[in-house]
Amino acid sequence: MKTRSLSILIVSVTVLILAFMFPSHNEAVQELDYQKFGSIAIAVVKADYPEESVTDYKYLGRKKISAQEEQDSFQFVVKENGKEKTVVVTVNHRTQDDKFISLVVEEKP
C-alpha cells in the first residue's frame, strides 16, 4: 500500500512540474493564431513600404472585441528616408473560426 501511495505521489509531482514547464495547449494555439495574422501584417507593411527597411517587429497582444471577434496588434519600426517611424497593424478576426475580418495600418509619431 505504501509503495502505491508513493507511486501516485511521484506521478502527481511529475505532472505538476511538466504543467509548469510547458505552455498550455491554449497558449500554444494562440501563438499559432497570432503567427498567422502576423504574417498578414508583415506582408501589408512590406507592400506599403516596399523600398524601406523594417528594422523591428513586435507582437503587442490580443484583445477580445466581442464574443465573436478578437484583435491582434503588431508594431513595426520602418526606416524611411533615414528616419524611423512606428507602424501599428491591427488585425480583427472571428473567434470561432479565425477568419479575417479587417486590417488597419496606422503610422505613429
**Q** To the nearest 0.5 Å, what is the distance between NZ (K99) and CD (E69)?
**A**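 Here the rounded value is 15.5 Å.
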
**Q** Under the ring pair (Phe, Tyr, Trp, His ring centres under 6.0 Å) test, which residues partner Y57, sequence neighbours left out?
**A** F76

**Q** Please identify each residue that fulfils side chain to side chain donor-acceptor pair (under 3.5 Å) with E84, with sequence neighbours left out.
**A**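 For E84 there are no side chain to side chain donor-acceptor pair (under 3.5 Å) partners, ignoring immediate neighbours.
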
**Q** Roughly how far, to the nearest 0.5 Å, is the CD1 atom of I42 from the CD atom of Q35?
**A** 9.5 Å

**Q** T90: which residues meet the side-chain contact (heavy atoms from CB on, under 4.5 Å) condition with it, sequence neighbours left out?
**A**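 With neighbours one apart ignored, the set is Q71, S73, V88, V104.
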
**Q** In chain order, what residues pass the salt bridge (charged side-chain N to carboxylate O under 4.0 Å, His left out) check against K108, with sequence neighbours excluded?
**A** E106

**Q** If hydrophobic clusters are built from ILVMFWY residues whose side chains come within less than 4.5 Å, do Y59 and I40 share one?
**A** yes

**Q** Shared ILVMFWY cluster between F37 and L60, side chains joined below 4.5 angstrom?
**A**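 No, no single cluster joins them.
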
**Q** Please enumerate all residues that pass side chain to side chain donor-acceptor pair (under 3.5 Å) together with D97, with sequence neighbours excluded.
**A**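 D97 satisfies side chain to side chain donor-acceptor pair (under 3.5 Å) with R94 only.
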
**Q** Are I65 and F100 linked, directly or through intermediate hydrophobic residues, by side-chain heavy-atom contacts shorter than 4.5 Å (ILVMFWY only)?
**A** no

**Q** Do you know the tightest heavy-atom contact between T95 and A67?
**A** OG1-O, 3.8 Å

**Q** Can you pull the side-chain hydrogen bond (donor to acceptor under 3.5 Å, both in side chains) pairs that have at least one residue in residues 41-56, sequence neighbours excluded?
**A** Y49-E107

**Q** Are V87 and V77 connected in the hydrophobic side-chain network, where two residues link if heavy atoms are under 4.5 Å apart?
**A** no

